[in-house]
K.L.:
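Quick one: the structure is below, questions incoming.
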Amino acid sequence: MNHFLKILPEVQDALDAGKAVVALESTIVAHGMPYPQNLETAQRLESIVREGGAVPATVAVVNGKLQVGCSASDLRALATESDVLKVSRRDLPLALARKALGATTVSGTLIGCELAGIRVFATGGIGGVHRSVDQTWDISADIPELAKSSVAVVSAGAKSILDLPKTLEALETAGVTVVGFNTDEFPAFFTPKSGLKAPHRVNNAEEMAAAMRAKWSLGLDGGFLIANPIPVESSADPKQIQEAIEEGLSQAHSEGVSGKDLTPFLLRFVNQKTAGKSLQANRALVEHNVAVGTAVAVAHAELMA
Ligand code: PSU
Ligand code: MN
C-alpha cells in the first residue's frame, strides 16, 4: 500500500469482493454546510448507502494520508474543526506532507476513487465555470478531474452561482458524459429545471450501469456526470435563490472574495439570506443523490460480477 493512501478495511474488502461502494466527499461537510447539520448529513448519507446495500467511503485527508473511508471520529473532526483545509488536486501534496486535516472537493475525492478503484461517487453539486470567468479565469478543478477519472458522479446539476451553459460546454470539451437521470433537462441544483437540455438521458440505474460498462470496457478513460434533479417537493423558491445568489456575488466582489474561498462564501451567504431554506433543500437533494448513487453502484457491481 502507498504510504500516502489509506483505504479502510471495510472498503477494501468490499472492493476485493466486487461489492458496491459509494464514495462521498468531505468539503460539503467542512465547508458546504454549518454545524450541526453538516455532521447529521454526513452520518445520514453513510446510512443511506448502507440501507441500499453498498459500503460508504467518505474521502478526506487525515494524518498525512489520503483516506478512503472515514471513521465516526474523522467525520466529527471534519464537521467541527475550524481550520480544515479545502483540498483539490493542487492542494493535496502540501496537505499530506504537513499532516493537515483536509476536506476533499469533488476533484480531490475523485483522486481517492481512482486510486482505490471506486466507480460511483455521490455529492450535492459540482464546481464548474464561474460566471465571472472572463475576468477571473475561475474554472473549477472538478472539470479536468472528471475528464480523467473513470468514475460516475451523481450531482443535482450545478448551482447558478456558476455559468451553466459554459459549464456544460467545458464538460463536453473534457469528454465527460453528462446524463439526465430520469429527466431531459440539466437540473439547477436547488430547482429541477435550468432551461438547458441534458445531452443524454437514462431512466434507471440499470441503464446507467450499462453505459458505464460500455465506456470503460472500451478503454475510454474518464467520467460521467449523472444529473439528478432535486425532488419537486424539496425544491426551493427559484426567485428567492436567484436573488440571494446575485446579492452574494456582488458582496463577494466588493469584499474581494475569490479563488477557493468563493464557493464556500456563496453557499454560506445564500443559506443565511434564505433563512436556512437553501440548506434544507441542499440536504434533501444530497440524500436523493446518494440514494441514486447507491442504486447505480449496486446495478454496476451486479453487471460486472
Ligand atoms: N457546489 C455545491 N456545494 C459544494 C461544492 C460545490 O453546491 O459543497 C463544493 C464541492 O466540494 C466542489 C467544490 O468540488 O465546492 C468546488 O469548489 P471550487 O468552485 O472552488 O472549485
Ligand atoms: Mn475556483
Side-chain angles (χ1 to χ4, degrees), residues 25 27-28 32 88 105-107 110 121-147 152-202 222-232 234-250 252-253 258-260 262-267 269-271 273-274 278 281-282 284-286 288-289 292:
E25 62 150 306
T27 291
I28 191 173
S88 70
T105 64
V106 169
S107 87
L110 281 168
F121 160 24
T123 185
I126 63 153
V129 180
H130 279 266
R131 289 212 217 160
S132 55
V133 66
D134 54 333
Q135 285 126 46
T136 60
W137 287 44
D138 192 347
I139 300 175
S140 177
D142 292 354
I143 292 192
E145 208 62 47
L146 264 166
V153 178
V154 188
S155 84
K159 277 200 184 66
S160 48
I161 60 176
L162 301 177
D163 184 318
L164 296 186
K166 288 193 182 74
T167 298
L168 281 170
E169 290 297 342
L171 287 163
E172 182 193 0
T173 304
V176 178
T177 308
V178 178
V179 291
F181 193 83
N182 237 320
T183 180
D184 293 316
E185 271 213 40
F186 188 71
F189 198 83
F190 289 123
T191 54
K193 296 213 153 89
S194 66
L196 298 165
K197 220 172 136 13
H200 299 283
R201 170 184 181 137
V202 298
F224 288 86
L225 182 64
I226 304 175
N228 182 39
I230 185 171
V232 261
S234 309
S235 170
D237 172 11
K239 194 162 158 274
Q240 195 191 20
I241 295 284
Q242 207 48 42
E243 281 168 8
I245 287 173
E246 300 294 347
E247 204 180 320
L249 285 168
S250 76
H253 184 73
S258 66
K260 72 193 287 187
L262 181 60
T263 298
F265 176 91
L266 292 171
L267 295 177
F269 186 93
V270 172
N271 183 38
K273 207 70 207 170
T274 62
S278 73
N282 203 343
L285 70 85
V286 188
H288 187 222
N289 291 343
V292 165

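Side chains are part of it too, since the values below use all heavy atoms of this structure and drop only hydrogens, waters and symmetry mates.
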K.L.:
Given 3.5 Å as the limit, does a donor-acceptor pair link the side chain of S235 with the main chain of P231, or not?
P.N.:
no
K.L.:
So does S278 get a backbone contact from the side chain of T274, meaning a donor-acceptor N/O pair under 3.5 Å?
P.N.:
yes
K.L.:
Can you name the residues that form a side-chain contact (heavy atoms from CB on, under 4.5 Å) with P238, not counting sequence neighbours?
P.N.:
T191
K.L.:
Decide side chain to side chain contact (heavy atoms under 4.5 Å, CB included) for F224 and V176; before the verdict, give the C-alpha distance in whole Å, the side-chain angles of both, and the deciding distance to 0.1 Å.
P.N.:
CA-CA 6 Å; F224 288 86; V176 178; 5.8 Å; no
K.L.:
Does some side-chain heavy atom of I126 sit less than 4.5 Å from a side-chain heavy atom of L146?
P.N.:
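The answer is yes; the side chains approach within 4.5 Å.
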K.L.:
Below 4.5 Å, heavy atoms only, C-beta onward: do S107 and S140 meet side chain to side chain?
P.N.:
no
K.L.:
Would you indicate whether the side-chain heavy atoms of L225 and V179 approach each other to under 4.5 Å?
P.N.:
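With C-beta onward as the side chain, the pair stays apart.
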K.L.:
Using the side-chain contact (heavy atoms from CB on, under 4.5 Å) criterion, which residues pair with S258? Sequence neighbours excluded.
P.N.:
none
K.L.:
Once you round to the nearest 0.5 Å, how far does CG of L262 lie from CG of L249?
P.N.:
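Spacing of CG (L262) from CG (L249) equals 7.0 Å.
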K.L.:
Tell me, with the steps shown, if I230 and F189 meet side chain to side chain contact (heavy atoms under 4.5 Å, CB included).
P.N.:
CA-CA 7 Å; I230 185 171; F189 198 83; over 6 Å; no
K.L.:
Without swapping roles, check the side chain of S194 against the backbone of F186 for a donor-acceptor pair under 3.5 Å.
P.N.:
yes
K.L.:
Where is the tightest heavy-atom contact between L168 and L196, given as atom of each residue plus distance?
P.N.:
CD1-CD1, 4.0 Å
K.L.:
Can you sort out the partners of D138 under salt bridge (Lys or Arg N to Asp or Glu O under 4.0 Å), two or more places apart, ordered by chain and number?
P.N.:
none
K.L.:
Can you name the nearest heavy-atom pair linking A152 to I226, along with the distance?
P.N.:
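Smallest interatomic distance, heavy atoms only, reads CB-CD1, 4.0 Å.
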K.L.:
Hey, are the side chains of V202 and F181 touching, using non-hydrogen atoms and a 4.5 Å cut-off?
P.N.:
yes
K.L.:
State, to 0.1 Å, how close T183 and A227 come at their nearest heavy-atom pair, and which atoms those are.
P.N.:
CG2-O, 4.1 Å
K.L.:
Which pair of heavy atoms, one from I143 and one from A174, lies closest together, and at what distance?
P.N.:
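That would be CG2-CB, 4.2 Å.
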K.L.:
Check whether any side-chain heavy atom of I161 sits under 4.5 Å from a side-chain heavy atom of R131, and report yes or no.
P.N.:
no
K.L.:
Which atoms form the tightest heavy-atom contact between G32 and L267, and what is the distance?
P.N.:
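Looks like CA-CD1, 3.8 Å.
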K.L.:
Will you find, in the side chains of N228 and H288, an N or O donor that is under 3.5 Å from an N or O acceptor?
P.N.:
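Note: N228 and H288 side chains meet the donor-acceptor criterion.
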K.L.:
Scan residues 184-201 for pairs that pass salt bridge (charged side-chain N to carboxylate O under 4.0 Å, His left out), counting only residues two or more places apart or in two chains.
P.N.:
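Residue pairs passing salt bridge (charged side-chain N to carboxylate O under 4.0 Å, His left out), neighbours aside: D184-R201.
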K.L.:
Testing the basics here: between A281 and A236, what is the closest heavy-atom pair and its distance to 0.1 Å?
P.N.:
CB-CB, 4.2 Å
K.L.:
Hey, does the side chain of S88 reach the backbone of A141 with a donor-acceptor pair shorter than 3.5 angstrom?
P.N.:
no
K.L.:
How long is the straight-line distance from CG of L164 back to CD of E169, given to the nearest 0.5 Å?
P.N.:
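Answer rounded to 0.5 Å: 12.0 Å.
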K.L.:
Taking side chain to side chain donor-acceptor pair (under 3.5 Å) as the definition, give me every residue that meets it alongside T123, ordered by chain and number, with sequence neighbours left out.
P.N.:
E25
K.L.:
Could you tell me whether a side-chain N or O of D142 sits under 3.5 Å from a main-chain N or O of G127, the two making a donor and an acceptor?
P.N.:
yes
K.L.:
Does E247 have any salt bridge (Lys or Arg N to Asp or Glu O under 4.0 Å) partners at least two apart in sequence or in another chain, and if so, which?
P.N.:
K273
K.L.:
Please walk me through it: do L110 and F121 pass side chain to side chain contact (heavy atoms under 4.5 Å, CB included)?
P.N.:
CA-CA 8 Å; L110 281 168; F121 160 24; 3.9 Å; yes
K.L.:
Can you measure from CZ (F190) to CD1 (I245) and round to the nearest 0.5 angstrom?
P.N.:
6.5 Å
K.L.:
Measure the OG-CD distance between S132 and Q135 for me, rounded to the nearest 0.5 Å.
P.N.:
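Interatomic distance, S132 OG to Q135 CD, rounded to 0.5 Å: 6.5 Å.
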K.L.:
Would a 4.5 Å heavy-atom cut-off, applied to side chains only, mark H130 and T263 as touching?
P.N.:
yes
